[in-house]
Number of protein chains: 2
Amino acid sequence: MPNAQDVLFRTLADPTRRALFERLCREGEQTVGSLTAQSGVSQPAVSKHLGVLRQAGLVRDRHEGRQTHYSAQLGALAPLIDWTSQMAGFWQSRFDHLEDLLKRMDQ
Amino acid sequence: MPNAQDVLFRTLADPTRRALFERLCREGEQTVGSLTAQSGVSQPAVSKHLGVLRQAGLVRDRHEGRQTHYSAQLGALAPLIDWTSQMAGFWQSRFDHLEDLLKRMDQ
DNA sequence: TTTATCCATAGCCAACGGGTTATCGATTCC
DNA sequence: GGAATCGATAACCCGTTGGCTATGGATAAA
């Protein structure tokens with residue numbers, strides 16, 4: 001059972017898939033056909049990528065007749081931001097300890 | 001020629017590799033041996049991962065006799081933060097335009 | 001009702017990636 | 001100097017994954 005960061009990093013690691021997500025962020029809701037037209041890969045490939053993005057919570061789908069509209073779910077990026085902050089936090093913490101140590105050595 | 005986000009996402013997508021980076025962030029500089037001991041994979045595997053992390057700029061190596069010390073380079077995460085901000089920015093921008101449109105329609 | 005469009009799924013294949021063992025150069029210890 | 005340790009590289013294996021074509025189900029158009 002992979003954690004949230006795992007899913008996000010793996011999902012966003014593929015350039016084609018990340019490009020699809022970026023486009024949905026930039027331009028808002030899009031149909032599969034519209035996304036396929038500019039993607040450089042086949043429609044099934046796009047559908048598969050959108051499925052992966054959906055499972056990661058990064059996009060939502062909305063069915064309207066025979067077309068499916070996808071839109072970005074920005075909130076799903078939260079674990080990514082959390083992880084980055086955590087790494088920065090660890091680093092800062094070690095830095096603080098070092099400062100502390102140097103301060104005590106100085107006395 | 002992959003861009004910076006590409007390299008970062010791909011590099012951090014692997015759980016073992018990300019765990020190595022996390023440990024270096026938490027605990028600071030470590031030798032390959034020390035990292036291997038807690039990693040659950042073989043020493044060559046660890047070396048390979050560290051090589052990938054180094055090429056991504058996420059770690060630095062320091063040679064001291066026959067051991068190599070690795071440490072995290074937190075600054076290398078910048079493109080990741082940039083990308084996330086950018087996605088949030090696009091989203092916000094679209095929201096602003098929508099607000100604007102609604103405001104104009106209201107008049 | 002028949003035809004055309006949209007998208008998802010199935011099935012297949014080639015490439016990539018992460019793991020292993022074996023080995024080697026370099027250093028340190030005896 | 002000889003033995004042992006450290007870490008990087010080579011060579012290999014196998015599972016995953018991202019691409020494709022073919023197809024089918026559902027809806028819209030004719």
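Taking the six-membered ring where the residue is Trp, F21(A) and W83(B) present tilted rings, their angle falling between 30° and 60°.
Residues from residues 45-60 of chain B lying near DNA chain C, meaning a heavy-atom separation below 4.0 Å, are A45(B), K48(B), H49(B) in numerical order.
In this structure, OG on S71(B) lies 5.5 Å from CD on Q73(B), to the nearest 0.5 angstrom. The structure places CZ of R62(B) at 4.5 Å from NE2 of H69(B), a figure rounded to the nearest 0.5 Å.
Note: CZ (R18(B)) to C1' (dG17(C)) measures 16 Å, nearest angstrom.
Nucleic acid contact class of T68(A) (heavy atoms, under 4.0 Å, all strands): sugar-phosphate only.
Side chains of Q38(B) and S34(B): no donor on one and acceptor on the other come within 3.5 Å.
If you walk DNA chain D from 5' to 3' and mark each nucleotide with an atom closer than 4.0 Å to a heavy atom of chain A, the marks span dG18(D) to dA28(D).
With S39(B) contributing its side chain and T36(B) its backbone, the two residues share a donor-acceptor pair below 3.5 Å. At least one donor-acceptor pair closer than 3.5 Å links the side chain of R17(B) to the backbone N or O of T11(B).
Under the 4.5 Å side-chain heavy-atom criterion for Ile, Leu, Val, Met, Phe, Trp and Tyr, F9(B) and V52(B) are members of distinct hydrophobic clusters. Residues V41(B) and L20(B) are members of one and the same hydrophobic cluster, defined by side-chain heavy-atom contacts under 4.5 angstrom among Ile, Leu, Val, Met, Phe, Trp and Tyr. Note on L80(B): it does not cluster hydrophobically with V7(A), by side-chain heavy-atom contacts below 4.5 Å among ILVMFWY residues.
Remark: R18(B) does not engage D14(B) in a salt bridge, criterion side-chain N to carboxylate O under 4.0 Å.
Considering only side-chain N and O atoms, T36(A) lies nowhere under 4.0 angstrom from the phosphate OP1 or OP2 of dC7(C).
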### Query
How would nucleotides 23-30 of chain C be written as a contact map, 5' to 3', with B for base contact, S for sugar-phosphate-only contact and - for no contact, using protein heavy atoms under 4.0 Å?
----BS--

